[in-house]
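Nothing fancy with the numbering, it's 1 onward along the sequence. Quick caveat, the model's predicted, so the values are computed rather than measured. For ligands, and for the atoms within them, numbers begin at 1 and follow the listed sequence. Reckoned from all heavy atoms, side chains included, excluding hydrogens, waters and symmetry mates.
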Amino acid sequence: MDNSDRGEERPIAVVVLAAGQGTRMNSDLPKPLHKLGGVPLIAHALAAAGSLSPARIIVVTGHEADTVEKTVTDLAPWAECVRQEEQLGTGHAVLQAAPLLADFAGDVIVLYADTPFISEETLAAMQAARAHHDIVVLGFEAADPGRYGRLIMDGDKLLRIVEAKDATEAERAVTICNSGLMAGDAATMLRLLGAVGNHNAAGEYYLTDLPALAMAEGLSATAILCPEAETLGINSRSELAQAEIAFQAARRAAMLDDGVAMQAPETVIFAQDTWVGRDAEIEPHVVFGPGVTVESGARIRAFSHLEGCHVSAGAVIGPYARLRPGAEIGNDARIGNFVEVKEAQIGEGAKVNHLSYIGDAEIGDGSNIGAGTITCNYDGVMKHRTMIGRDVFVGSNTMLVAPVSLGDRAMTASGSVITEDVAPGALALGRAKQVNKPGLAIRLMERLRAIKAGRKG
Ligand code: UD1
Ligand code: CA
């Protein structure tokens, strides 16, 4: 056997299988796009693939291919997609990548789009096992082997994999099961796949036939085992819900280990890519959508919702705040209750403490935005920006009709509708002038009461 085609340093092509219909999800949305941890299932597989620093990532699509491919391209523009027009089995699916791998000298690792918990350590262990074996399968000891393929081992030799449907009673008693992941030399795997037939209970071309075909050629196959939790595959909404519970539990535990303070971690929802610095504090019932980073020492108060935003050190968000994509909160800034921020930079030490909407805006360091202030950023067709300088004081209930700018140290009077730029240091009054009529309130009330009495009589 030639050892040069084994080992850890070879280029890797990851093939992600995502063509299946996912019938048991009972959904119009293709299974790889159902969300786990705020991101599509396939994002987890792509992240696992990325941890191998692969030379290629090839995603096999089929059911709802256009939609799945669009998401893959958004998530990983460097990934290539290949179609499996008819879903004739996992072996047939991998074979669809053959034209892309014709000249590829390296390893193939097959992942599933619906198996989101595979760890980097497990993938590294599969690679390490490749130093001694031609085909490496990832297996696990199943609590309930059910419909899984069974690994028929002889010592560390993997003789063959038998699908549950095709297994004898004795084979079904085996509890070491196939996760679906497989690694081997690309040319060898594709050559062996050419020999796979579909004479089995499902009438499909099984990827799982490869170990036996390899053994028959005098090549070696083995299985390494990982914890069952890692191999959890999503086939139904109930399994997806279970997976979300497991995902959140793992993320919360990891956050606590990383030094994040949480009083009620069981109430906090994280996304796959949430990043929170050491000694940041997350109060109860905070929800993180995708794309959030929170620096050390920031505080996210109860019932806040954040997505696509960055919170700098010392900032305090909420309670009941909403940070939407493009919100960048500076050091020591304050975003208070019932404040929504979208596509806006909030400067160092700036305050937006109550009941405001700040969208498409820039707020300079040290500025104070009064209660109820709104950036009127949308004219019904286009979005416009509001530029606010440093140490500006915006009076309560100011409407800032964008595009508009307020210079450094400017002020606006409460209740103003600001439609024109305000120069640095200027005070803008954009409201009707108040008129007081002495005694009129009392005379008015008397007249109204007299009218009411007249109607009764
Ligand atoms: C497969 C394995 C089984 C293993 C189990 C682990 C085979 C024959 N069986 O069974 O040994 O225990 O996974 O979960 O491989 N797919 C395609 N094209 C196809 C068929 C499937 O892309 O033609 C994709 C699916 O989208 C999915 C993955 O391959 O991501 C697995 O397919 P699935 O039908 O769920 O395989 P199982 O029957 O669960
Ligand atoms: Ca499955």
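Each of the atoms 23 (O) of ligand 1 lies under 4.0 Å from some heavy atom of Leu88. Residue contact check: Asp114 has heavy atoms under 4.0 Å from atoms 27 (C), 30 (O) of ligand 1. Residue Gly149 approaches ligand 1 through these ligand atoms, each under 4.0 Å from one of its heavy atoms: 3 (C), 4 (C), 11 (O), 12 (O). Those atoms of ligand 1 that come under 4.0 Å of a heavy atom in Ala93, given as number and element, are 17 (C), 18 (N), 22 (O). Contact atoms of ligand 1 toward Glu163: 2 (C), 3 (C), 7 (C), 8 (C), 9 (N), 11 (O) (distance under 4.0 Å to a heavy atom of the residue). Close contacts between ligand 1 and Tyr206 involve ligand atoms 8 (C) [criterion: under 4.0 Å to a heavy atom].
Electrostatic pairing of Glu266 and Arg252 does not count as a salt bridge here, judged by no charged N lying under 4.0 Å from a carboxylate O. Salt bridge Glu171/Arg160: present, at least one basic N to carboxylate O contact under 4.0 Å. Residues Arg278 and Asp258 are not paired through a salt bridge, judged by the lack of any N-O separation under 4.0 Å between the basic side chain and the carboxylate. Under a 4.0 Å N-O distance rule, the pair Lys70/Asp74 qualifies as a salt bridge. At a threshold of 4.0 Å, the pair Arg324-Glu340 counts as salt-bridged, since one of the basic side-chain nitrogens sits closer than that to a carboxylate oxygen. Comment: Lys342 does not engage Glu307 in a salt bridge, judged by the lack of any side-chain N to carboxylate O separation of less than 4.0 angstrom.
Looking at Tyr148 next to ligand 1, no N or O pair under 3.5 Å apart turns up. At under 3.5 Å, not a single nitrogen or oxygen of Gly180, backbone or side chain, sits near a nitrogen or oxygen of ligand 1. The shortest N/O to N/O separation between Gln84 and ligand 1 falls below 3.5 Å.
A donor atom on one side chain and an acceptor atom on the other are found under 3.5 Å apart for His92 and Gln84.
Using a 4.0 angstrom heavy-atom cutoff, Thr208 counts as in contact with ligand 1. Assignment of Gly89 to the shell around ligand 1 is supported, since a heavy atom sits closer than 4.0 Å. Using a 4.0 angstrom heavy-atom cutoff, Ser179 counts as in contact with ligand 1.
For Arg150 (side chain) and Arg172 (main-chain N/O), a donor-acceptor pair under 3.5 Å exists by modelled atom type.
Residues that satisfy the ring-ring contact (aromatic ring centres under 6.0 Å, His included) test with Phe303, not counting sequence neighbours, are His285, Tyr320.
Heavy-atom proximity to atom 22 (O) of ligand 1, evaluated over Cys177, Gly233, Ala142, Ala19, is greatest for Ala19.
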